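To keep things clear, I will list the structure first and then write my remarks on it.
Whatever order the structure lists ligands and atoms in, that order sets their numbers, starting from 1. If you're wondering where the values come from, they're calculated on a predicted model, not measured in any experiment.
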Amino acid sequence: MTVPTIKLNDGTSIPQFGLGVWQVPEGETEQVVSQALEVGYRHIDTAQMYQNEAGVGAALKTAGLAREDVYVTTKLNNSQHDPAKAKASLERSLMLLGLDHVDLFLIHWPLPTQYDGTYAKTWEALVGLREAGLTTSIGVSNFQPDHLDKIVAETGVAPAVNQIEVHPYFTNEDARSATLAHGAKVESWSPLGQGGGELSDPVVAEIASAHGKSPAQVLLRWQIDRGDIVFPKSVRRERLEENLAIFDFELSADQITALAALDKGESGRSGPNPDTFDWIPSF
Ligand SMILES: NC(=O)C1=CN([C@@H]2O[C@H](COP(=O)(O)OP(=O)(O)OC[C@H]3O[C@@H](n4cnc5c(N)ncnc54)[C@H](OP(=O)(O)O)[C@@H]3O)[C@@H](O)[C@H]2O)C=CC1
Ligand SMILES: O=C(O)C(=O)[C@@H](O)[C@H](O)C(=O)CO
């Protein structure tokens, strides 16, 4: 199974498919990530907020893959926005991951109502971390169009990616278009709608049946065919295999349109709204 790579605006490449580990308990993360690496995954999306970077690191160590053969992303915790804290927080992530650099480091949330709305200062700090070689690429997550405009206007540096919620019930088209307009790639979080209603939607089921595929495979293939990057989460080996087995079929243009037409707007969101999300963890 060959996973395509996507070229980023900084000249590097990212595997278009990987494993997300939000809500994988730290005690299970080594085993889950090890299974994924055995099955053929080569891209892991974690975050300081997930508190499971050490488990990811343990799995990477056991697998013993060449560093250049695995792509690792982590994200700046909401409590670490202060530019003075960003470097130390990434160094701690590297220690937990057992790496000397990550491939991609993201601002997890813009928090426009916190820190006097100074997420552009945080972005400037990430530019410095890339220059210092602690991360190969930098990007953002949950940035709305005006957040993207602000960081680019204030620093002249566009992110390589914007990781945002996207699935057929919430296509998030404004944020997706703004991301692409800045030359950044879209990473789609919760591509399976967090295991919710889309998996039993009749439109998804009909397309799945036409291809002899599962609803989950159709939801993931929709993202791939639109050129976005995905990393569904599963703790089960059979689902890790199922989710990876999406590179032997393609959706038609009509099927892509039919899935996008399932969009419910704001009511289709499964996570928080980035304009108002203001959670600062105690860690
Ligand atoms: N930047 C951000 O703010 C955010 C980033 N993310 C990232 O995106 C990743 C994926 O999103 P996430 O929210 O985890 O949700 P997903 O959309 O990936 O859905 C995960 C859920 O679907 C179930 N599932 C997985 N595969 C299948 C399948 N083939 N058939 C049926 N059910 C399945 C899983 O259960 P089980 O594990 O039991 O198989 C789990 O309950 C995260 O892990 C994280 O890396 C997510 C949210 C926010
Ligand atoms: O999973 C992530 O990356 C998140 O940021 C979410 O957990 C988010 O913090 C959330 O859904 C809180 O309820």
Side-chain angles (χ1 to χ4, degrees), residues 14-15 17-25 28-29 31-33 35-36 39 41 43-53 55-56 71-81 102 104-111 114 139-144 147 159 161-170 172 175 179 186-201 204-205 208 213-223 228-246 268-283:
I14 181 171
F17 177 90
L19 173 73
V21 295
W22 177 41
Q23 291 182 315
V24 180
E28 293 169 35
T29 305
Q31 187 234 340
V32 169
V33 175
Q35 273 189 12
V39 164
Y41 287 61
H43 171 178
I44 309 295
D45 181 271
T46 184
Q48 295 170 350
M49 195 191 284
Y50 303 167
Q51 297 183 271
N52 58 16
E53 290 168 306
V56 174
Y71 195 97
V72 180
T73 299
T74 196
K75 315 185 191 88
L76 184 82
N77 197 355
N78 289 355
S79 56
Q80 308 297 313
H81 259 248
V102 285
L104 180 60
F105 190 48
L106 308 180
I107 299 180
H108 203 146
W109 289 89
L111 304 177
Q114 298 289 344
V140 296
S141 176
N142 298 302
F143 272 46
Q144 302 280 48
H147 305 145
V161 305
N162 186 15
Q163 185 178 123
I164 53 175
E165 180 176 351
V166 182
H167 40 93
Y169 283 179
F170 184 66
N172 206 354
T179 300
V186 171
E187 293 194 323
S188 303
W189 63 251
S190 297
L192 301 174
Q194 298 184 2
E198 278 129 313
L199 288 168
S200 49
D201 187 285
V204 179
K213 289 287 182 181
S214 69
Q217 288 171 322
V218 164
L219 294 173
L220 297 172
R221 186 69 217 189
W222 178 73
Q223 309 264 9
D228 296 348
I229 299 155
V230 277
F231 24 79
K233 171 259 180 187
S234 181
V235 296
R236 305 173 205 220
R237 189 181 188 106
E238 67 278 10
R239 286 182 174 172
L240 291 171
E241 289 172 349
E242 175 187 336
N243 294 344
L244 179 59
I246 55 170
R269 252 189 216 286
S270 56
N273 184 322
D275 285 323
T276 50
F277 189 54
D278 60 0
W279 180 51
I280 300 184
S282 58
F283 54 91

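Residue contact check for ligand 1: Gly271 places no non-hydrogen atom closer than 4.0 Å to it.
Under 4.0 Å from ligand 1, heavy atoms of Ser190 appear from its side chain as well as its backbone. Heavy atoms from both the backbone and the side chain of Gln194 come within less than 4.0 Å of ligand 1. Heavy atoms of Pro215 found under 4.0 angstrom from ligand 1: none, in either backbone or side chain. If you look at Tyr50 next to ligand 1, the close heavy atoms, those under 4.0 Å, all belong to the side chain. Residue contacts with ligand 1, taken as heavy atom pairs separated by less than 4.0 Å, do not involve Thr46 at all. Of all the heavy atoms of Glu165, none lies under 4.0 Å from any atom of ligand 1, so neither backbone nor side chain is involved.
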*Please lay out, stage by stage, how Phe231 and His43 fare under the test ring pair (Phe, Tyr, Trp, His ring centres under 6.0 Å).*
CA-CA 8 Å; Phe231 24 79; His43 171 178; 5.7 Å; yes
*Taking it one step at a time, do Asn142 and Phe277 satisfy side chain to side chain contact (heavy atoms under 4.5 Å, CB included)?*
CA-CA 10 Å; Asn142 298 302; Phe277 189 54; over 6 Å; no
*asked:* With side chain to side chain donor-acceptor pair (under 3.5 Å) as the criterion, how do Gln217 and Asn243 come out once you've worked through the C-alpha distance, each side chain's angles and the decisive distance to 0.1 Å?
replied: CA-CA 6 Å; Gln217 288 171 322; Asn243 294 344; over 6 Å; no
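Checking Gln223 against Ser188 by side-chain atom types alone, a donor-acceptor pair falls below 3.5 Å.
Aromatic ring orientation, Tyr50 versus His108: perpendicular (interplanar angle above 60°, classes split at 30° and 60°). Relative orientation of the Phe143 and His147 rings is perpendicular, given thresholds of 30° and 60° on the angle between their planes.
In summary, the atoms of ligand 1 found under 4.0 Å from a heavy atom of Ala216, numbered by their order in the structure, are 28 (C), 29 (N), 30 (N). When each atom of ligand 1 is checked for a heavy atom of Phe231 under 4.0 Å away, the hits are 7 (C), 8 (O), 9 (C), 10 (C), 45 (O). Heavy-atom proximity to Glu242, at under 4.0 Å, picks out these atoms of ligand 1: 29 (N). Against a heavy-atom cut-off of under 4.0 Å, Asn142 is close to the following atoms of ligand 1: 1 (N), 2 (C), 3 (O). Contact atoms of ligand 1 toward Gly195: 19 (O), 21 (C), 22 (O) (distance under 4.0 Å to a heavy atom of the residue). Ligand 1 places these atoms under 4.0 Å from at least one heavy atom of Asp45: 7 (C), 44 (C), 45 (O). For ligand 2, the atoms closer than 4.0 angstrom to any heavy atom of Tyr50 are 1 (O), 2 (C), 3 (O). Taking every heavy atom of Pro232 and a limit of under 4.0 angstrom, the matching atoms of ligand 1 come to 18 (O). The atoms of ligand 2 that sit less than 4.0 Å from any heavy atom of Met49 are 5 (O), 9 (O). Within ligand 1, counting atoms from 1 as listed, the ones closer than 4.0 Å to a heavy atom of Leu199 are 31 (C), 32 (N). The ligand atoms of ligand 2 that sit less than 4.0 angstrom from a heavy atom of Pro272 are 10 (C), 11 (O).
Polar contact with ligand 1: present for Leu192 (N/O pair, distance under 3.5 Å).
Nearest to atom 29 (N) of ligand 1 among the protein's heavy atoms is Asn243 OD1, 2.9 Å. In this structure, the protein non-hydrogen atom closest to atom 39 (O) of ligand 1 is Ser234 OG, 2.6 Å. Scanning all protein heavy atoms for the shortest distance to atom 37 (O) of ligand 1 gives Lys233 NZ, 2.8 Å. If you check which protein heavy atom lies closest to atom 38 (O) of ligand 1, you get Arg236 NE, 2.9 Å. Regarding atom 8 (C) of ligand 2, its nearest protein heavy-atom neighbour is Trp109 CZ2, 3.9 Å. Closest protein heavy atom to atom 5 (C) of ligand 1: Gln163 OE1, 3.1 Å.
Of the candidates His108, Lys75, Gln23, it is His108 that places a heavy atom closest to atom 4 (C) of ligand 2. The option from Trp22, Trp109, Trp189 that lies nearest to atom 8 (O) of ligand 1, judged by heavy atoms, is Trp189. Nearest to atom 24 (N) of ligand 1 by heavy-atom distance, out of Arg239, Glu241, Gln217, is Arg239.
Within the 4.5 Å cutoff, the side chain of Tyr169 has heavy atoms near those of the Asp201 side chain. Between Pro110 and Gln144 the shortest side-chain heavy-atom distance does not fall below 4.5 Å. Contact annotation: the side chain of His167 approaches that of Ser270 to within less than 4.5 Å [non-hydrogen atoms, C-beta and beyond]. Residues Val39 and Leu244 meet the side-chain proximity criterion, which asks for heavy atoms closer than 4.5 Å. Two residues are said to be in side-chain contact when any heavy atoms from C-beta on lie closer than 4.5 Å; Trp189 and Gln194 meet this criterion. For the pair Val186 and Ile164, the minimum side-chain heavy-atom distance is below 4.5 Å. At a threshold of 4.5 Å between non-hydrogen side-chain atoms, the residues Trp109 and Asn77 do not count as touching.
Ion pair Lys75/Asp45 flagged as a salt bridge, since at least one NZ, NE, NH1 or NH2 atom sits closer than 4.0 Å to an Asp/Glu carboxylate oxygen.
Nearest heavy-atom pair, Asn78 versus Trp279, reported as atom, atom and distance to 0.1 Å: ND2-O, 2.8 Å. In terms of heavy atoms, Leu106 sits closest to Val140 at CD2-N, 3.8 Å.
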